[in-house]
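The structure appears right after this line, and notes come after that.
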Protein chains: 2
Amino acid sequence: MGYIKSVESVFEIIAEPNRRAILSLLVSSQQSVGEIERQLRMPQPTVSKHLRVLREAGFVESTVDAQRRLYRLKPEPLQEVDAWLAPFRRFWSAHLDALERHLDRMDQKTPTKRKTRRRR
Amino acid sequence: MGYIKSVESVFEIIAEPNRRAILSLLVSSQQSVGEIERQLRMPQPTVSKHLRVLREAGFVESTVDAQRRLYRLKPEPLQEVDAWLAPFRRFWSAHLDALERHLDRMDQKTPTKRKTRRRR
DNA sequence: AGAGCATATACGTGTCAAGGTATATTAAGC
DNA sequence: GCTTAATATACCTTGACACGTATATGCTCT
């Protein structure tokens, strides 16, 4: 009875392993459903259903080529994931910095030769 | 009966909105369960259960402070997500490059003034 | 028009995970 | 030791979703 098909978050979409596999396949070039089916060895309805989810969520788009449909990647949704990660990247690079400072302090105490530290 | 509780993928872990909220909270500083509970306005068992999942998946670790437990972020699992994104980043920056080249061609055809293009 | 290939959808089923409520654990303070 | 605070866990119910199988749609070629 007509309720709103709430747009699933991009995170739920990529939670599914087969969908991630499809996306990884498409990153090199566009593929037809049959090609995906063969390369990933999954049944055709499975591929189609996942492609539907990916398409409705904006991860892919398709063009018609005779009986085939060619699916290709669209960047926006994964960029959204990338954006969500940004604060955490700052977090862990801060941790790396702390580690570096720690190692530098070690250097002072035991001044042995050490490979050049990465520049900041 | 008695099958292996397969370690869920990091993607399934962050598919859950409440867990993402918790992680985002922890990025600024460590928090006790009660603090998380209040800030996110979710029932305490919910918080504890999500923290358990996050802990077992290595997203967080906890230390004991009297009756409280302080939870803090661990970087590795999210770095894993970041690593998975890498090929796609190359993909969409390639697309941006193509767009730039396209705009450059436009420049040549209609040489009107335009803001300085971002350098490569 | 009919046959055959490529893709999409419908339907039934099983599984699993999230939430709610209740209760157990553990530590603190009097 | 008992009470209270903080957190964890147990149990149950419900809903979503992924899969398999079957079938529909659509295009092409003869």
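Proteins come first, then strands; the chains are lettered A, B, ... in the order of their sequence lines, and each starts at number 1.
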- prompt: Would you say L25(A) and L23(A) are hydrophobically clustered, going by side-chain heavy atoms of ILVMFWY under 4.5 Å?
  reply: yes
- request: Check side chain to side chain donor-acceptor pair (under 3.5 Å) between Q79(A) and all other residues, then give those that pass, not counting sequence neighbours.
  value: none
task: Would you indicate, yes or no, if dC19(D) has its OP1 or OP2 atom less than 4.0 angstrom from a side-chain nitrogen or oxygen of H50(A)?
output: yes
Distance in angstrom units between I36(B) CD1 and dT7(D) P, rounded: 9 Å
field: Gap between atoms CD and C1', on Q31(B) and dT7(D) respectively (whole Å)
entry: 16 Å
- prompt: Heavy-atom contacts under 4.0 Å between residues 11-30 of chain A and DNA chain D, which residues?
  reply: E16(A), N18(A), R19(A)
field: Atom pair CG (L54(B)) and CG (N18(B)), whose distance is rounded to the nearest 0.5 Å
entry: 10.5 Å
Side chain S29(A), main chain L26(A), donor-acceptor under 3.5 Å: no
statement: Letter by letter from the 5' end, nucleotides 6-11 of chain C scores (B base, S sugar-phosphate only, - none; protein heavy atoms under 4.0 Å) SBBBB-
task: Start with the C-alpha gap between L51(B) and I36(B), add the side-chain angles, then the distance that decides, and say whether side chain to side chain contact (heavy atoms under 4.5 Å, CB included) holds.
output: CA-CA 10 Å; L51(B) 282 173; I36(B) 299 173; 4.2 Å; yes
statement: For residues 16-45 of chain A, the salt bridge (Lys or Arg N to Asp or Glu O under 4.0 Å) pairs (sequence neighbours left out) are none
- prompt: What residue pairs, at least two apart or across chains, pass salt bridge (Lys or Arg N to Asp or Glu O under 4.0 Å) with a residue in residues 71-87 of chain A?
  reply: E61(A)-R72(A), D82(A)-R89(A), D82(A)-R89(B)
Pairs where residues 33-88 of chain B contributes a residue and the test ring-ring contact (aromatic ring centres under 6.0 Å, His included) is met, not counting sequence neighbours: F11(B)-W84(B), W84(B)-F88(B)
